[in-house]
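Reviewing the structure listed below.
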Amino acid sequence: MQENGLIENSNAGNNENKGGNTEQQGGEGKKKKGKDVTPKEQTWPVPSVPIMDLFPNGNFPEGEIQEYQGLNAYRSTSAELKEQERLESHIYQEAREGAEVHRTARKYLQSIAKPGELMIDLCEKLEDKVRELIKDKFPERGIAFPTGCSINHVAAHWTPNGGDKTVLQYDDIVKFDFGTHVNGRIIDCAFTHYFNPRYDPLAQAVKEATNTGIKEAGIDVRLCDIGEAIQEVMESYEVEIDGKVYPVKAIRNLNGHSINPYQIHAGKSVPIVKGGEATKMEEGEFYAIETFGSTGKGVVHEDLECSHYMKNFDAGHIPLRMAKAKELLGVIDRNFGTLAFCRRYLDRLGCKQYLLGLKNLCDVGLVQAYPPLVDVKGSYTAQYEHTLVLRPTRKEVLSRGDDY
């Protein structure tokens, strides 16, 4: 997800303490502080046990830990900062539950996303699975934003509207981007899915670029420095497709972003090219570190039918004259609040003939539309994204898993 038409959004994977590969994953929990708890086991290949039931003691798998460097190296041993973390542990546990839901749901998605499947079926199966695993109940817990499944030259913000017949093809390269939340603590995480091995170098470039951004992130780090490091890694790659060699370009108008409770874009952007702002990251902040690579121009623009919408976080009271708009705003407030939604979600709630009301809400500034973002036709794009938190003593990559 992103703001104003822009996604807000070396290998860090060397750390062995990965969230998707801890002793607790898959239901194999540990005994915590004298509590003899034998959690249930997850069912496979179709997960059906809610994550909170796997960890009844409320201790969810910790993400990948990366130590701060340089002037911040002292943080890992500071007794004062360790105590501060202890007092904030409930925040991390909420985020970790959402991250474990994400890891489990995406493993399921990866097993069913095969050529010949309807994209709308894949999205709805994934979203139903997230609702089941997280025990969906607004506003406490649920889906944080619609499933992006942008294909080929479409980089972001495409999900099928009702009745769409798009079928996943062998030669497609898809960016699956979906989010979970517990008490508004959003996990924003994405990966690239494909079948044709010709995309390997493109995917590897973007994955390594994202890991570089994660490695560089930290307290008092300038955002512009992260962007420069990401671009250097990303654009060191090239990819050959159908006999033609393409340099991999970082999509310069897509970015990572800071995250606040119930606010997917909290004001700070993490660039993926050099020349960004010198604003610094701060202790306690959550970030989505996401990078996009392209064989095209490396710039995206809005195109295609819109599916993604979100109520403006700071929108005040605006009088509405259209009855349909008033009715729809009530549905949005009761079911999504300031979390993003899509037209399929309105269909699922039984809304009828809502497009004019939705347009009115956008026209008056209560709701923002987020159309698909595309590079030139014939190009191919890839994306990888993780959510991390800058804890007082160390950095935790919450959404890290065995897969990426």
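The chain is numbered in sequence order, starting from 1.
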Are C149 and L122 side-chain neighbours, meaning at least one heavy-atom pair lies under 4.5 Å?
no
Looking at D121 and K125, does any basic side-chain N land under 4.0 Å from a carboxylate oxygen?
no
Is a side-chain donor or acceptor of H102 paired with a backbone partner of S399 at a separation under 3.5 angstrom?
no
Option from V389, D188, L388 for which side-chain contact (heavy atoms from CB on, under 4.5 Å) with I259 holds
D188
Is K129 salt-bridged to E132, cutoff N-O under 4.0 Å?
yes
When you measure from the side chain of S150 to the backbone N and O of W158, does any donor-acceptor pair fall under 3.5 Å?
yes
When you look at CG of L87, are more than 12 heavy atoms from neighbouring residues, nucleotides or ligands closer to it than 6.0 Å?
yes
Ring of Y404, cation from R106 - is the NZ or CZ under 6.0 Å from the centre and inside 45° of the axis?
yes
Under the side chain to side chain contact (heavy atoms under 4.5 Å, CB included) criterion, do F178 and V130 qualify, and how do the steps go?
CA-CA 10 Å; F178 70 98; V130 170; 4.0 Å; yes
Could you go step by step and tell me if R185 and E97 meet the salt bridge (Lys or Arg N to Asp or Glu O under 4.0 Å) rule?
CA-CA 10 Å; R185 296 291 172 184; E97 181 185 356; over 6 Å; no
Decide yes or no for P61 and F55: does some side-chain heavy atom of the first lie under 4.5 Å from some side-chain heavy atom of the second?
yes
With the side chain counted from C-beta on, respond yes when T192 and Y384 share a heavy-atom pair under 4.5 Å apart, and no when they do not.
yes
Has E85 got a side-chain atom pairing as donor or acceptor with T393's backbone, closer than 3.5 angstrom?
yes
As an exercise, state the distance from CD1 of I173 to OG1 of T381, rounded to the nearest 0.5 Å.
7.0 Å
With a 4.5 Å limit on heavy-atom distance, are the side chains of L390 and Y68 in contact?
yes
Decide yes or no for I226 and Y287: does some side-chain heavy atom of the first lie under 4.5 Å from some side-chain heavy atom of the second?
no
Counting only heavy atoms not in Q93, do more than 12 fall under 6.0 Å of its CD?
yes
Just wondering, more than 12 heavy atoms not from R198 lying within 6.0 Å of its CZ?
yes
Should the pair H157 and H308 be assigned to parallel (<30°), tilted (30 to 60°) or perpendicular (>60°) ring geometry?
parallel
Residue E80 excluded, over 12 heavy atoms near CD under 6.0 Å:
no
For the pair T180 (side chain) and V101 (backbone), establish whether a donor and an acceptor sit closer than 3.5 Å, ignoring hydrogens and angles.
no
I'd like to know whether NZ of K311 has more than 12 heavy-atom contacts from other residues, nucleotides or ligands below 6.0 angstrom.
yes
Non-hydrogen atoms of L133 and A105 that approach each other most closely:
CD1-N, 4.0 Å
Run the numbers on T159 and S307 for side-chain hydrogen bond (donor to acceptor under 3.5 Å, both in side chains), then give the verdict.
CA-CA 6 Å; T159 198; S307 56; 5.5 Å; no
Could you walk me through whether T338 and M310 pass the side chain to side chain contact (heavy atoms under 4.5 Å, CB included) check?
CA-CA 6 Å; T338 55; M310 185 166 64; 5.6 Å; no
Looking at every non-hydrogen atom in both residues, tell me the closest pair between Y194 and D172 and how far apart they are.
CB-O, 3.6 Å
Checking H301 side chain against V374 main chain: does a donor-acceptor pair fall under 3.5 Å?
yes
Is the shortest heavy-atom distance from the side chain of Y354 to the side chain of K324 under 4.5 Å?
no
Verify, without hydrogens or angle tests, whether R131 (side chain) and D136 (backbone) share a donor-acceptor contact under 3.5 angstrom.
no
Do M281 and L223 touch side chain to side chain, with heavy atoms closer than 4.5 Å?
yes
Taking all heavy atoms of H386 and all of C189, pick out the closest pair and write down the distance.
ND1-SG, 3.8 Å
Give, for atom OH of Y309 and atom CG of L366, the distance between the pair rounded to the nearest 0.5 Å.
14.5 Å
Check whether any side-chain heavy atom of V239 sits under 4.5 Å from a side-chain heavy atom of Y199, and report yes or no.
no
Quick check for you: to the nearest 0.5 Å, what is the distance between F138 atom CZ and D333 atom CG?
8.0 Å
Is the CZ atom of R344 crowded by more than 12 outside heavy atoms at less than 6.0 Å?
yes
Step-by-step side-chain hydrogen bond (donor to acceptor under 3.5 Å, both in side chains) determination, E127 to T147
CA-CA 7 Å; E127 290 160 354; T147 303; 2.8 Å; yes
Consider salt bridge (Lys or Arg N to Asp or Glu O under 4.0 Å). Of R391, R400, R394, which one does E62 pass it with?
R391
May I ask you to say whether K107 pairs ionically with D402, meaning some side-chain N is under 4.0 Å from a carboxylate O?
no
Looking only at atom types and distance, does a side-chain atom of Q42 sit under 3.5 Å from a main-chain N or O of V49, one as donor and one as acceptor?
yes
Counting N and O atoms only, with roles assigned by atom type, does the side chain of K395 sit under 3.5 Å from a partner on the main chain of K215, one being a donor and the other an acceptor?
yes
Taken to the nearest 0.5 Å, the spacing of D347 CG from N161 CG works out to 8.0 Å
Taking I219's backbone N and O only, do any of them form a donor-acceptor pair with N72's side chain (distance below 3.5 Å, no angle check)?
yes
Show your reasoning for whether side chain to side chain contact (heavy atoms under 4.5 Å, CB included) applies to N260 and F313.
CA-CA 11 Å; N260 279 345; F313 192 82; over 6 Å; no
Stepwise ring-ring contact (aromatic ring centres under 6.0 Å, His included) check, F145 with H181
CA-CA 9 Å; F145 54 83; H181 84 92; over 10 Å; no
Counting N and O atoms only, with roles assigned by atom type, does the side chain of D375 sit under 3.5 Å from a partner on the main chain of T295, one being a donor and the other an acceptor?
no
Is it the case that atom CD1 in I112 sees more than 12 heavy atoms from other parts of the structure closer than 6.0 Å?
yes
In terms of side-chain geometry, is the basic nitrogen of K268 or E277 positioned less than 4.0 Å from the acidic oxygen of its partner?
no
Once you round to the nearest 0.5 Å, how far does CD1 of I186 lie from CD of Q263?
8.5 Å
Which atom names give the shortest non-hydrogen contact between P392 and L81, and what distance separates them?
O-CD1, 3.6 Å
Using every non-hydrogen atom in the two residues, find where P201 and E238 come nearest and quote the distance to one decimal.
CB-O, 3.6 Å
Take L398 and R96 through the side chain to side chain contact (heavy atoms under 4.5 Å, CB included) test and state the conclusion after the steps.
CA-CA 6 Å; L398 292 155; R96 288 168 187 161; 4.0 Å; yes
So which atom in I332 and which in F341 form the shortest heavy-atom distance, rounded to 0.1 Å?
CD1-CZ, 3.6 Å
If you round to the nearest 0.5 Å, how far is CE of M119 from CD of Q169?
10.5 Å
